[in-house]
Enquirer: 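Submitted below is the structure of interest, expressed as structure tokens.
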Amino acid sequence: MADPQHLFLHGSISKALLKLGIPIILINILQSAYQLTDAFWVGRLGAEQVAAVSVSMPVTFLVIAIGSGLAMAGAILSAQYMGAGQQDKVNHVAAQTMLMVTITATILGLIGYVLSPYFLTLLGVEDQVFGDALKFMHVSFIGVVFVFIYAMFQALMRGIGQTKVPLYIVSATVLLNFVLDPLLIFGFGDFAGFGVMGAALATLITQSLAAAIGVWVFLRGRHGIQLKLSSFKPDWQYMKQAFFLGAPGSVELSARAFGLIIMSFLVASFGTHTIASYGVGSNILQMVMIPAMGLSMAVSTLVGQNMGARNPQRAAQITRLASLWGLLGLTLVGVVAYLFAEYFVAFFIPDDESVIAGGAEFIRVMCLTWGGIGVQLCVVAAFRASGNMLNAMVVSLLSQCVIQFPAAYILSKHTSLGPQGIWYSFAITNVLVAIITYLWFAAGRWQRTQLTKEDKDIAKVTQETLIEEGNH
């Protein structure tokens, strides 16, 4: 059987992208089934319950995003060390990152739980939505630690090019969630069910199981990473490196999450039905982004490993090809979404005509620009994987703070468009950010980053040699 590392570092780029990308896309499809299943059953409760989940999700995502920079740093370093052929460093990075992520997630989950009612008050959530939203958020924050641990397991496995085991785990937990969701939301027999909170409870149960299995796989050590209990002794030097590498990633993801919260403020000012339309439209957007997310994750692994193997030219070729695939693929998906927008929205909320009309309008306004998201995701993945987390952070801040929210506010509040102005802000952002990020990538400076100690040592020796030759 061919060595996958040879394919990743020397073989066909198209084959490498497909070998990594297809399992990751399948994993992402299955993981999105969590949200799809929740949205499907919660939609049967009514528009107010959909709104409760819609306003809760960005806040939960913000807390997760704050700690995700450390996880991102671990995945990048593990990919680069794998590319450099240093298995002992891969194991060390995995253990230390798991330790940091667990501690960070526990602290952030506690903070989020305590502050949940204040978040909802700040968002100006209507009274009939507040109670369900608070229950959903409380359970979600309890589960944050398990979400973090399993996400870290997946990221580390992806970093070394191992995607099959996470696919098996996700398949099993999604099936379990499919059974638990209607049971915990609606009840069965004498058991009354928990309503909206039942959806969060089902996810909590399945994510905790997935996290436990992920840790067990690492401890067994048969799939590319071998951890021992002694591996978890804190290494402060690594933690310092991971913190400074991961901090821009935390800011980047937090900016995206904060941008969603600010958008929720704006959407909430137009009432519950607009919130529900926005929630359903956002769910569909998440679905159609799945292939691009899978592709960008494959880019991250391949760019990371090739940068670790000191082959930046191949890393650039990988990014260019993936960006083209993302542009064409998501544009095609956008055309399909434009044609069948009402049917997609009705799948989630079948009995509310105003929400179906509003959600379909949201989709049609933005869907033909989805190709821009494909380009942006692939380029940002290359920036991160090469250690240029600051570039990715700047793209995020530009997207959320400079382009999208100002456009949404001006168009919705100061023109006759009303809520439609929010929908148009998505289309404008997709196009402008794709152009800016690709031009930045094409400039090529991101390829010069030295991330691992070995890269820095080689760069130092090369520089000293050049100085010596210059003196002669």
Side-chain angles (χ1 to χ4, degrees), residues 13-29 31-32 35 72 158 163 252-253 255-256 259-260 281-304 315-341 344 362-386 388 391-396 398-400 403-404 423-443 446:
I13 291 174
S14 296
K15 285 182 181 176
L17 282 169
L18 290 171
K19 183 177 177 62
L20 271 175
I22 289 172
I24 294 170
I25 289 169
L26 290 174
I27 288 170
N28 288 347
I29 288 171
Q31 283 188 318
S32 73
Q35 283 77 40
M72 207 182 286
R158 191 168 60 240
T163 52
E252 176 208 340
L253 294 175
R256 291 185 186 279
L260 290 173
S282 297
N283 280 334
I284 291 165
L285 177 58
Q286 293 305 314
M287 284 170 54
V288 300
M289 280 176 62
I290 289 168
M293 290 293 292
L295 188 61
S296 73
M297 289 174 181
V299 169
S300 185
T301 297
L302 292 172
V303 168
Q317 289 174 334
I318 289 163
T319 310
R320 280 194 292 269
L321 180 61
S323 297
L324 179 62
W325 286 9
L327 174 65
L328 297 177
L330 252 67
T331 299
L332 182 60
V333 171
V335 171
V336 174
Y338 190 92
L339 296 173
F340 300 101
F344 291 147
F362 178 19
I363 292 165
R364 285 208 171 99
V365 167
M366 66 168 169
C367 65
L368 297 180
T369 66
W370 281 345
I373 298 174
V375 173
Q376 181 193 335
L377 286 174
C378 289
V379 172
V380 168
F383 285 161
R384 287 195 200 115
S386 60
N388 289 276
N391 294 21
M393 182 188 80
V394 170
V395 169
S396 176
L398 178 73
S399 172
Q400 299 295 326
I403 299 175
Q404 181 156 25
W423 313 157
Y424 276 105
S425 74
F426 280 82
I428 292 166
T429 305
N430 293 343
V431 173
L432 287 181
V433 176
I435 293 169
I436 292 165
T437 48
Y438 194 81
L439 289 174
W440 197 357
F441 159 78
W446 62 277

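Just so you know, these numbers come straight off a predicted model, no measurement behind them.
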Enquirer: Might you point out which heavy atoms bring A382 and V299 nearest each other, and give the distance in Å?
Expert: N-CG1, 4.1 Å
Enquirer: To the nearest 0.5 Å, tell me how far Q376 CD sits from L432 CG.
Expert: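 Going from CD on Q376 over to CG on L432, the span is 11.0 Å.
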Enquirer: Pair W325, L295 - check side chain to side chain contact (heavy atoms under 4.5 Å, CB included), show working.
Expert: CA-CA 9 Å; W325 286 9; L295 188 61; 3.8 Å; yes
Enquirer: Is the shortest side-chain heavy-atom distance between V394 and W440 below 4.5 Å?
Expert: yes
Enquirer: Run the side chain to side chain contact (heavy atoms under 4.5 Å, CB included) test on V379 and S323 for me, step by step, so that the C-alpha distance in whole Å, both residues' side-chain angles and the decisive distance to 0.1 Å come before the verdict.
Expert: CA-CA 7 Å; V379 172; S323 297; 3.8 Å; yes
Enquirer: Taking the side chain as everything from C-beta on, heavy atoms only, tell me whether L20 gets closer than 4.5 Å to T163.
Expert: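 L20 reaches T163 side chain to side chain.
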Enquirer: What heavy-atom pair brings A322 and C378 nearest, and what distance separates the two atoms?
Expert: O-SG, 3.6 Å
Enquirer: If I compare all heavy atoms of I403 with all of T429, which pair ends up nearest, and what's the gap?
Expert: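 Looks like CG2-OG1, 3.6 Å.
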Enquirer: Got a second to check how far L285's CG is from F426's CZ, nearest 0.5 Å?
Expert: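 Reported to 0.5 Å precision, the distance equals 7.0 Å.
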Enquirer: With rounding to the nearest 0.5 angstrom, report the OG to CD1 distance, S296 to I373.
Expert: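 Spacing of OG (S296) from CD1 (I373) equals 11.5 Å.
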Enquirer: Quick one: closest heavy-atom pair of A292 and G374, and the distance?
Expert: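 Answer, listing the atom of A292 first, then G374: CB-CA, 4.1 Å.
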Enquirer: Which atoms form the tightest heavy-atom contact between M366 and W423, and what is the distance?
Expert: CB-O, 4.3 Å
Enquirer: Heavy atoms, side chains only, cut-off 4.5 Å: are I363 and Y338 in contact?
Expert: no
Enquirer: Among residues at least two apart in sequence or on other chains, which ones pass side chain to side chain donor-acceptor pair (under 3.5 Å) with S282?
Expert: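 Expected list: none.
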Enquirer: Give the C-alpha distance, both sets of side-chain angles, the deciding distance and a yes or no for side chain to side chain contact (heavy atoms under 4.5 Å, CB included) between F383 and T319.
Expert: CA-CA 10 Å; F383 285 161; T319 310; over 6 Å; no
Enquirer: Hey, does the side chain of W370 reach the backbone of V333 with a donor-acceptor pair shorter than 3.5 angstrom?
Expert: no
Enquirer: So, does S300 use its side chain to make a donor-acceptor pair with the main chain of A385 at under 3.5 Å?
Expert: no
Enquirer: Tell me the closest heavy-atom pair linking S14 and L321, and the distance in Å.
Expert: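 The pair with the smallest heavy-atom distance is OG-CD2, 3.5 Å.
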Enquirer: Answer whether the closest heavy-atom distance between the side chains of I24 and M293 falls below 4.5 Å.
Expert: no
Enquirer: Looking at CG of L377 and CE of M297, how far apart are the two atoms once the value is rounded to the nearest 0.5 Å?
Expert: 9.0 Å
Enquirer: Got a second to check how far I290's CD1 is from N28's CG, nearest 0.5 Å?
Expert: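 Rounded to the nearest 0.5 Å, the CD1-CG separation comes out at 6.5 Å.
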Enquirer: Quick one: does F340's side chain get under 4.5 Å of V336's, heavy atoms only?
Expert: yes
Enquirer: With side chain to side chain contact (heavy atoms under 4.5 Å, CB included) as the criterion, how do V395 and V433 come out once you've worked through the C-alpha distance, each side chain's angles and the decisive distance to 0.1 Å?
Expert: CA-CA 7 Å; V395 169; V433 176; 3.9 Å; yes
Enquirer: Please examine the side chains of F441 and R320, heavy atoms only from C-beta on, and report whether any two atoms are closer than 4.5 Å.
Expert: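 Touching, per the 4.5 Å side-chain cut-off.
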Enquirer: Could you state the interatomic distance from OH (Y424) to OG1 (T369), rounded to the nearest 0.5 Å?
Expert: 11.5 Å
Enquirer: Just by distance, do the side chain of N388 and the backbone of R384 share a donor-acceptor pair under 3.5 Å?
Expert: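 Checked: no pair found.
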